[in-house]
Each structure stands twice: as C-alpha cells, then as structure tokens.
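Sequential numbering from 1 along the given sequence is applied to the chain's residues.
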Amino acid sequence: MPLLFIGIDPNTGDKQSPTVWVDREKHELVLQGWKPDAALEAECAAFEAPGHASGLPENEAVIRIPARMADMVREACDVLEAADVR
C-alpha cells in the first residue's frame with residue numbers, strides 16, 4: 001500500500017498516536033485515532049440521515065482524532081484533490 005505520511009498528533013505520548021496518511025493508490029484518507037467510548041459509538045450507530053442507515057457495518061469503525069489535527073486532514077485532502085481524484 002503506497003501510504004503517504006501526512007502527520008501525527010503533535011501532543012502524542014508514548015501510547016497514543018493519532019495519525020493521518022493518504023493512500024495514493026486507492027485515493028483515500030487513512031486515519032488512525034482513538035476508539036470511542038460506548039456512548040459515542042452508540043450515538044453514531046443510532047444516527048440516521050437520507051442514504052445513511054443506522055448501525056455500524058462490520059467493516060467500518062468510529063474513530064476520534066483531536067481538532068488540533070485539522071490542518072493535517074486538510075493537507076491530506078489537498079493531496080487527494082491535487083491528484084484530481086473524485
């Protein structure tokens with residue numbers, strides 16, 4: 001997998017490392033973050049919107065990353081956009 005490392009949480013400790021990558025082959029953001037607590041996961045699973053059924057499919061996960069990483073997520077989006085992928 002041709003991952004392009006974008007950045008890691010600047011406040012990361014020895015055991016925490018929210019990270020942002022871009023998969024240049026699949027044209028996707030790849031995010032590593034904290035697992036949600038049961039309440040947040042349940043809230044996300046219960047969310048319904050047009051085209052979005054409630055529940056979490058087996059192949060999906062809810063993750064959390066700190067807001068201080070927003071610039072890294074924007075940079076990763078810019079990389080994908082520069083590749084003219086949509």
Side-chain angles (χ1 to χ4, degrees):
M1 181 183 303
L3 289 180
L4 173 64
F5 173 78
I6 300 297
I8 191 167
D9 178 6
N11 292 358
T12 195
D14 290 340
K15 297 181 181 177
Q16 299 185 34
S17 55
T19 309
V20 178
W21 297 273
V22 170
D23 182 327
R24 293 176 286 188
E25 186 175 282
K26 293 184 179 180
H27 307 286
E28 298 173 341
L29 298 176
V30 178
L31 305 173
Q32 175 181 334
W34 302 307
K35 293 180 180 180
D37 62 22
L40 178 58
E41 191 167 84
E43 182 178 351
C44 292
F47 183 80
E48 288 189 51
H52 184 278
S54 62
L56 290 172
E58 292 275 331
N59 64 332
E60 294 183 8
V62 173
I63 64 162
R64 298 170 46 244
I65 61 171
R68 63 183 164 264
M69 294 179 66
D71 286 341
M72 291 176 208
V73 174
R74 285 187 196 98
E75 180 181 344
C77 290
D78 290 345
V79 167
L80 290 175
E81 189 173 75
D84 197 26
V85 177
R86 295 191 186 192

**Report entry** Candidate pair Thr19 and Phe5, rule side chain to side chain contact (heavy atoms under 4.5 Å, CB included), full reasoning
**Finding:** CA-CA 8 Å; Thr19 309; Phe5 173 78; 3.6 Å; yes

Any idea which heavy atoms bring [X] and [Y] closest together, and the distance?
{"X": "Lys35", "Y": "Arg64", "answer": "O-NH1, 4.0 Å"}
{"X": "Ser54", "Y": "Ala46", "answer": "CB-O, 4.1 Å"}
{"X": "Pro2", "Y": "Glu25", "answer": "CG-CB, 3.4 Å"}

Query - Validation row: Pro36, Cys44 side chains within 4.5 angstrom (heavy atoms) - result: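 SC-SC contact between Pro36 and Cys44 ruled out.
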
Query - Gln32 vs Ile63 side-chain heavy atoms within contact, under 4.5 Å - result: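 The answer is no; the side chains never approach within 4.5 Å.
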
Within one Ile-Leu-Val-Met-Phe-Trp-Tyr cluster: [X] and [Y], side-chain cutoff 4.5 Å:
{"X": "Val73", "Y": "Trp34", "answer": "no"}
{"X": "Leu4", "Y": "Met72", "answer": "yes"}
{"X": "Leu3", "Y": "Ile8", "answer": "yes"}
{"X": "Leu80", "Y": "Met69", "answer": "yes"}

Query - Working for side chain to side chain contact (heavy atoms under 4.5 Å, CB included), residues Cys77 and Leu29 - result: CA-CA 7 Å; Cys77 290; Leu29 298 176; 4.0 Å; yes

Report task. Go through Ile6 and Val22 one step at a time and tell me if the side chain to side chain contact (heavy atoms under 4.5 Å, CB included) criterion holds. Result -> CA-CA 7 Å; Ile6 300 297; Val22 170; 4.0 Å; yes

Query raised in the report: Counting only heavy atoms not in Glu28, do more than 12 fall under 6.0 Å of its CD?
Result: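 Yes, enclosed.
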
